[in-house]
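We count ligands from 1, going down the list as the structure has it; atoms in each ligand are counted the same way. The structure presented is a predicted model; accordingly, all values stated were derived computationally and were not measured. Along the sequence shown, residues carry numbers from 1.
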Amino acid sequence: MIIEKEADVTEAVLAAMNGCTDPRLREIAAAFVRHMHAFVREVRLTEPEFEFGVEFLNRIGRATGDAHNEGILFSDAIGVSTLVCLINNGAGGATETAAALLGPFWRMHSPVTENGGSIVRSPTPGPALFAEMTVTDAAGRPVEGAEVDVWQASPAGFYENQDPDQADMNLRGKFRTDAAGRFAFRSVKPAGYPVPTDGPVGDMLRVQHRHPYRPAHLHVLIHKPGFKTLVTQVFVDGDEHLETDVVFGVTRSLVGDFRRHDAGAPPAADVAAPWYTLAHRFVIEEGEASLPRPPIR
Ligand code: BEZ
Ligand code: FE
């Protein structure tokens, strides 16, 4: 159609996309165009602002590679990742869920580790942590044989792939739940950390006067055929950034009970006080198991 006025553009684009034969793709693409056009109209986007926005997207692409995913980081920092998580879990957003955003640091093929084993694979200073977790179904029955990936930042706030002082796969492990739905491991207490701020997302945070910190947490991914794969995090209670997580990942049920121990018999001979214990239970929903695409390799 010949465009006679500004209002015609939306209709013309929607009509042009009508031939898409995949109904879901058609629905998503049309809604995207309607919302983008409404956004441009609402803010009366100027030409320099439009150029800036396009360059911002291009910078996100240029900043993304095998070792860093700026696209996920941007979605995280504007709350879209958490929104997608919450509408797709907990009975479609109707009930509380144990799910949380994946983040950009999950790697496939974490080292298989015996139940109760350590995920500290190179010297990592910091208080010892002994985690004991259970996985149940919605009826409270233990789920045996679930594969559980755990990954976390060090007490200095770095994932192993960000830190030349850590061994490959340090603070990452893959466990299998036992007959009681239990998996346990030894680690070190994670620290909070700033998300990477040397790219366009960092510029966005600075101009919005936002701090870049995540509260300290462990990541957990629970996978078993017959259940919806649970991607989640457990946060350290009392962390100063619990209420202001830069990526909006903290929900109430995910605040863990990290208990500090200053006295008594330590759980292992090489442990000095203080050490921490963490007990946590995850409930997984029946559904289809599928692994996310790893954000980095
Ligand atoms: C993380 O928890 O690993 C993470 C999540 C979102 C952005 C950056 C890091
Ligand atoms: Fe993290």
What is the total of protein N/O/S atoms that are closer to the Fe ion (ligand 2) than 2.8 Å?
-> 4
From K224 atom NZ to T177 atom OG1, the distance as rounded to the nearest 0.5 Å = 6.5 Å
Write none if no such pair exists; otherwise list each N/O atom of ligand 1 with its protein N/O partner under 3.5 Å and the distance.
from	atom 1	to	atom 2	distance (Å)
ligand 1	2 (O)	Y193	OH	2.7
ligand 1	2 (O)	R214	NH1	2.5
ligand 1	2 (O)	H217	NE2	3.0
ligand 1	2 (O)	H219	NE2	2.9
ligand 1	3 (O)	Y159	OH	3.2
ligand 1	3 (O)	Y193	OH	2.8
ligand 1	3 (O)	H219	NE2	3.1

State, without any angle test, whether T113 and R121 hold a side-chain donor-acceptor pair at a distance under 3.5 Å.
-> yes
Any chance you could measure L171, atom CG, to I119, atom CD1, to the nearest 0.5 Å?
-> 5.5 Å
Side-chain polar contacts of residues 122-136 - donor-acceptor pairs under 3.5 angstrom, sequence neighbours left out - could you list them?
from	atom 1	to	atom 2	distance (Å)
S122	OG	A167	N	2.9
T124	OG1	S122	O	2.5
T124	OG1	N170	ND2	3.0
E132	OE2	R182	NE	3.0
T136	OG1	R281	NH1	2.9

Donor-acceptor pair between R41 and T10 side chains, under 3.5 angstrom = yes
Output every pair passing ring pair (Phe, Tyr, Trp, His ring centres under 6.0 Å) with a member in residues 236-255, not counting sequence neighbours, ordered by first then second residue.
-> H211-H241, Y213-H241
Under 3.5 Å side-chain donor-acceptor pair for N161 and R172 = yes
Cationic N near anionic O, under 4.0 Å, D239 to R214 = no
Given the side-chain rings of Y276 and F258, with only the six-membered ring counted for Trp, is the space between their centroids under 6.0 Å?
-> no
